[in-house]
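Per chain, numbering begins at 1; letters A, B, ... match sequence-line order.
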There are 2 protein chains.
Amino acid sequence: MRNRTAIAPRRAAASPKRRAAEMLAAAAKVFARRGYHGASTQDIADVLGIRQASLYYYFESKEAALEAVCSDGVEDYAVRALAVLRGPGTASDKVAKLVFHHLSPVVERQDYTVVFHRERRYLPKPARERIRTLERRYERIIQKVIEQGVASGEFRADLDPRMATLALLGLGNSATAWYGREPGATFERITSNYIDLLVRAFRKDDAPPLRVTH
Amino acid sequence: MRNRTAIAPRRAAASPKRRAAEMLAAAAKVFARRGYHGASTQDIADVLGIRQASLYYYFESKEAALEAVCSDGVEDYAVRALAVLRGPGTASDKVAKLVFHHLSPVVERQDYTVVFHRERRYLPKPARERIRTLERRYERIIQKVIEQGVASGEFRADLDPRMATLALLGLGNSATAWYGREPGATFERITSNYIDLLVRAFRKDDAPPLRVTH
DNA sequence: TTCCAATTCTATTATGCTATAGAATCGGAT
DNA sequence: ATCCGATTCTATAGCATAATAGAATTGGAA
């Protein structure tokens, strides 16, 4: 087909993707700071140093940009959680890993995760449901880890797996909210404390002393 | 002062306050559903069945309405927490009471608490700081309960009081977010599970079995 | 150089929103 | 019956915003 002129004569073939990612990062940043409705497309353009209308070359609409940011904010979670579920280790180890992987993105990808948490609800139904599907998958994997811990006798028999899942997520998400604002709250301190807290709460009363690797 | 004509010749002297409360409730409802920036004053007026401009008889601005809702959303927390701190009971009992009182408002006053949590950050600095003061007071009381538990030997000596406080708040706030959306999550189930979880995580390893009154 | 597609720009439309000004209404007290 | 203050209304100013149309520009390939 005559060279590849019709296929990809674009820029350096890497630039376009990087540029699109910059757009997304700018949108994430602005949405995180001002909220979806409080953010104007002008604000996003300002971050990039381009004109407001130029954004529409990359996004069909402001709403589409929000969905893109939110998708980026969740998509990797389920993948990594699944690796933990299927990987080696005790249930406590797995909980530790889950917490670690839940909090990790907060450091470099705070904008995306914050936007996902706070703003996804403003998406129109179809988009919201697409996001919700990814979310549910993630939750189910976490719950399975906990259920396995209960089944194996490592966790208390009376532990409510659904509540435990929500607790794990809730703790993680609250950390997302104040990470960077709470002085002295380093990633390590938060992570180790939350792991410790959850594992203590989940394990049997007569379990041997804690020794969780992470 | 001639009777009290100049002081309060208003309606039935109870109606005006009730009406103002209705305004606030309407604002809270709309802000909770659509977010501060996503909500229009028209939306609020629609809930009340009045004209958009009529709202300005009660609020100086949309922003003032937000501050009023947020204040209403926090103000009682510190008061009740202080009563718990000063009241009787073990540290575990007090944690249980704190969780209970933190979650209680979610049932009837969900709109206010949700708005407080999600939208307070859009307040202008002075107002945000007014709210933040109430908030800090509340946090400090909780932390004090935990510190007393550690000091008395009831809680682990290596429990990080600040992290424990944030965990308690984080758990509570996450419940706020999904209460009403998570099927089967009744107030009782959430409360008892969270209390159980936190107390297990806080207590000494060799402590006697749980028996928390609430 | 010339061309072409990718990218950004200018200009504009149409809409929605907060807030103000001042008129109308309502019900209780005189 | 009249008055008065509290409440709600009509009308509108003034601004910000999302999105579209089409022109200009850019840099690499032919």
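Note on ring orientation: taking the six-membered ring where Trp is involved, the planes of B:Y122 and B:H37 are perpendicular (angle over 60°, cut-offs 30° and 60°).
Heavy atoms of B:F59 sit nowhere under 4.0 angstrom from any nucleic acid atom. Heavy atoms of B:A64 sit nowhere under 4.0 angstrom from any nucleic acid atom. B:S54 comes within 4.0 angstrom of a nucleotide base, judged by non-hydrogen atoms across all strands. Within the nucleic acid shown, A:A20 has no heavy atom closer than 4.0 Å to any nucleic acid atom.
B:R51 has no side-chain polar atom (N or O) that falls below the 4.0 Å cut-off from OP1 or OP2 of D:dT7.
Between B:F100 and B:F187, the gap from one ring centroid to the other is short of 6.0 Å.
With hydrogens and angles ignored, a donor-acceptor pair closer than 3.5 Å exists between the side chain of A:Q52 and the base of D:dA19.
Of all nucleotides listed (C:dT8, D:dT20, C:dT20), C:dT20 comes nearest to the side chain of B:Y56. Of the candidate nucleotides D:dA18, D:dA6, C:dA21, C:dA21 has the atom nearest to the side chain of B:A53. Side-chain proximity of A:K62 to D:dT7, D:dA18, C:dA19: nearest is D:dA18.
One can place CD1 of B:I50 at 18 Å from P of C:dT25, the figure rounded to the nearest angstrom. Atom CZ of A:R19 is separated from atom P of D:dT26 by 15 Å (rounded to the nearest Å).
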